[in-house]
Amino acid sequence: DSKILYLNSGVIDCVWNGMTITDELKENILMTDPYLTNQQVVVVKEENVEKYQTKEDLAKASSIAFEGGSAAESELEKLNLDESKLFSATKQLDTFLEVKSGSCDIAVVDKTMAQTLCGTGNYQDLTYVDVGFDPEYFAVGFKKDNSEMCSAVNELLKKYAEDGTIAQLKTKYEITL
């Protein structure tokens, strides 16, 4: 939630951590071209996967975890769900723990993270469902007056897209978007 403030005050030089391009961010900071497509998905215990196949099914959940200030929160706001069912977590990873422990029925998270964690380690009993959220795009953010650095990163992103580096990384980390 503080990324714009930290960036514009000089506390940080860039934001590069799965940051979804939004209209608010485009107004307040300089952003690179998109470097990755993402989507929100629903994390659920495998035994409950059939209950949550569409966005409309989310209304059936008694509790839904999401990372506060994230793209998940924006998507949930569009659904006009009962706010008493919504649990705002500090970190996306915390939402997995909420589902794992049974504190929340489901979580809405980045597909990239769900692909990495679901079915592995402590999250072996969790899976994810694509319920039809729209695709979103990740970019790197800079202070508005830092066009030189933004351009340099754009050139690198273009180079790595053209030479196959980004495709190799997507394959290595099993990113399917």
Side-chain angles (χ1 to χ4, degrees), residues 1-4 15-29 31-141 166-167 169-171 173-177:
D1 288 340
S2 302
K3 61 184 158 267
I4 294 171
V15 178
W16 194 339
N17 184 21
M19 184 175 64
T20 301
I21 299 171
T22 65
D23 290 338
E24 177 192 8
L25 289 173
K26 287 193 276 188
E27 287 178 25
N28 290 290
I29 63 176
M31 301 183 80
T32 63
D33 298 331
Y35 66 87
L36 185 68
T37 303
N38 188 41
Q39 179 184 25
Q40 297 303 302
V41 295
V42 172
V43 171
V44 62
K45 287 186 178 180
E46 285 188 12
E47 64 203 46
N48 297 323
V49 72
E50 292 303 317
K51 293 180 186 178
Y52 306 103
Q53 294 296 306
T54 67
K55 288 188 273 188
E56 292 75 22
D57 291 341
L58 302 189
K60 299 176 193 173
S62 61
S63 53
I64 303 171
F66 64 93
E67 180 184 18
S70 70
E73 182 173 20
S74 297
E75 290 295 335
L76 288 168
E77 286 172 354
K78 294 176 190 175
L79 299 178
N80 298 314
L81 298 169
D82 179 350
E83 288 189 26
S84 69
K85 293 181 175 188
L86 303 178
F87 174 75
S88 178
T90 304
K91 298 181 291 192
Q92 198 168 191
L93 183 59
D94 293 344
T95 67
F96 286 81
L97 297 172
E98 295 295 329
V99 175
K100 172 84 176 156
S101 71
S103 296
C104 290
D105 295 338
I106 60 176
V108 177
V109 301
D110 288 341
K111 184 175 182 180
T112 53
M113 183 169 243
Q115 287 176 317
T116 301
L117 294 177
C118 288
T120 65
N122 290 335
Y123 309 109
Q124 286 185 347
D125 60 335
L126 301 183
T127 189
Y128 68 92
V129 180
D130 176 353
V131 297
F133 289 114
D134 291 333
E136 58 195 49
Y137 305 94
F138 287 166
V140 184
I166 290 176
L169 290 169
K170 287 173 71 172
T171 299
Y173 293 105
E174 300 176 1
I175 298 172
T176 59
L177 283 171

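If you check the side chains of Asp134 and Gln39, you find no donor sitting under 3.5 Å from an acceptor.
The nearest pair of heavy atoms linking Ala114 to Phe96 is CA-CZ, 4.0 Å. Taking both residues in full, the closest heavy atoms of Val129 and Tyr52 are given as CG1-O, 3.2 Å, listed atom of the first, atom of the second, then distance. Considering all non-hydrogen atoms of both residues, Val140 and Met19 come closest at C-CE, 3.9 Å. The two residues Gln115 and Ile175 make their nearest non-hydrogen contact at OE1-CA, 3.5 Å. Residues Ser63 and Ser103 come closest through the heavy atom pair OG-O, 3.3 Å. Across all non-hydrogen atoms, the minimal contact from Ile21 to Pro34 is CD1-CG, 3.9 Å.
For the pair Lys51 and Asp57, the salt-bridge criterion is not met [side-chain N within less than 4.0 Å of a carboxylate O]. Taking a cutoff of 4.0 Å between a charged side-chain nitrogen and a carboxylate oxygen, Lys85 and Asp82 do not qualify as a salt bridge.
Considering NZ of Lys100 and CD of Glu98, their distance stands at 13.5 Å, rounded to 0.5 Å. Between the CG atom in Asp130 and the NZ atom in Lys55 there is a gap of 10.0 Å [rounded to 0.5 Å]. Atom-to-atom distance recorded for Asn122:CG and Leu117:CG is 10.0 Å, nearest 0.5 angstrom. The distance from the OG atom of Ser84 to the CG atom of Leu86 is 7.5 Å, given to the nearest 0.5 Å. Distance check, rounded to the nearest 0.5 Å: CD1 of Ile166 to CG of Leu36 gives 8.0 Å. Summarising the geometry, atom CD belonging to Gln40 is positioned 11.5 Å from atom CE belonging to Met113; distances are rounded to the nearest 0.5 Å.
Within a 6.0 Å sphere centred on CD of Glu83, heavy atoms belonging to other residues, nucleotides or ligands number 12 at most.
No side-chain heavy atom of Val109 sits under 4.5 Å from any side-chain heavy atom of Phe66. Contact of the Phe133 side chain with the Val108 side chain is registered, since non-hydrogen atoms from C-beta on lie closer than 4.5 Å. In this structure, Leu126 and Lys45 have side chains that are in contact, with non-hydrogen atoms separated by less than 4.5 Å. Side chains of Tyr123 and Thr116 form no contact here, defined as non-hydrogen atoms less than 4.5 Å apart. Within the 4.5 Å cutoff, the side chain of Asp125 has no heavy atoms near those of the Glu46 side chain. Using a 4.5 Å cut-off on side-chain heavy atoms (C-beta onward), Asp105 and Val44 make no contact. With a 4.5 Å cut-off on side-chain heavy atoms, Val43 and Thr95 do not count as touching. Counting only heavy atoms from C-beta outward, the side chains of Met31 and Asp33 never approach each other to under 4.5 Å.
Not a single salt bridge (Lys or Arg N to Asp or Glu O under 4.0 Å) links Lys170 to another residue, sequence neighbours left out.
Legend: side chain to side chain donor-acceptor pair (under 3.5 Å) pairs involving residues 17-29, not counting sequence neighbours, sorted by first then second residue: Thr20-Glu136.
Checking side-chain atoms of Glu73 against main-chain N and O of Gly69 turns up a donor-acceptor pair under 3.5 Å.
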